[in-house]
**Q** 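My questions all concern the structure below.
FYI, side chains are in, hydrogens and waters are out, and symmetry mates aren't considered; it's all heavy atoms of this structure.
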Amino acid sequence: MDDREITRLQKRIARQDPGTFHFPEIYGPEWDQLYIGDKVRKGRDFLEAVRAGKFPGVEDTGEKRNGGRLYRWQGE
């Protein structure tokens with residue numbers, strides 16, 4: 001995940017209300033156009049970036065629900 005992608009996702013997250021979310025909600029409508037392998041890779045990259053602290057205020061809940069991993073946005 002490059003800096004441009006991180007910045008794009010940070011902006012999308014900042015517009016969200018605090019609470020839980022799935023990564024595709026943040027990624028945007030382009031998510032549905034990706035191949036499954038690209039979805040897996042991007043999802044894993046996001047998880048690693050969250051764990052590395054590149055998305056302040058976002059945490060991995062460690063839960064999966066409705067087909068995907070849940071993250072929590074604390075808000076700014």
**Q** May I ask you to say whether E48 pairs ionically with R51, meaning some side-chain N is under 4.0 Å from a carboxylate O?
**A** no

**Q** To the nearest 0.5 Å, what is the distance between CZ on F55 and CE on M1?
**A** 5.0 Å

**Q** Which heavy atom in P18 sits nearest to a heavy atom in G75, and how many Å separate them?
**A** CG-CA, 4.0 Å

**Q** Answer yes if L47 and V40 sit in the same cluster of Ile, Leu, Val, Met, Phe, Trp and Tyr residues linked by side chain heavy atoms under 4.5 Å apart, and no otherwise.
**A** no

**Q** Quick one: do D38 and R41 make a salt bridge, cutoff under 4.0 Å?
**A** yes

**Q** Taking atom CG of D60 and atom CZ of F46, what is their separation to the nearest 0.5 Å?
**A** 9.5 Å

**Q** Are there more than 12 heavy atoms of other residues, nucleotides or ligands under 6.0 Å from atom CG of D17?
**A** no

**Q** Is there a donor-acceptor contact under 3.5 Å from the side chain of T61 to the main chain of L70?
**A** yes

**Q** Calculate, to the nearest 0.5 Å, the distance between atoms CZ and CZ belonging to F23 and R69 respectively.
**A** 12.5 Å

**Q** Check whether any side-chain heavy atom of R8 lies under 4.5 Å from a side-chain heavy atom of Y27, and answer yes or no.
**A** yes

**Q** Ring pair (Phe, Tyr, Trp, His ring centres under 6.0 Å) with F21: which residues, sequence neighbours excluded?
**A** Y71

**Q** Counting only N and O atoms by type, is there a donor-acceptor contact under 3.5 Å from the side chain of Q10 to the main-chain atoms of K54?
**A** yes

**Q** To the nearest 0.5 Å, what is the distance between CG on D45 and NZ on K42?
**A** 7.5 Å

**Q** Say you draw a straight line from CD of E25 to OG1 of T20; how long is it, rounded to the nearest 0.5 Å?
**A** 8.0 Å

**Q** Between the side chain of R12 and the main-chain N/O of I26, is any donor-acceptor distance below 3.5 Å?
**A** yes

**Q** For the NZ atom of K39 and the CD1 atom of I36, what is their distance to the nearest 0.5 Å?
**A** 5.5 Å

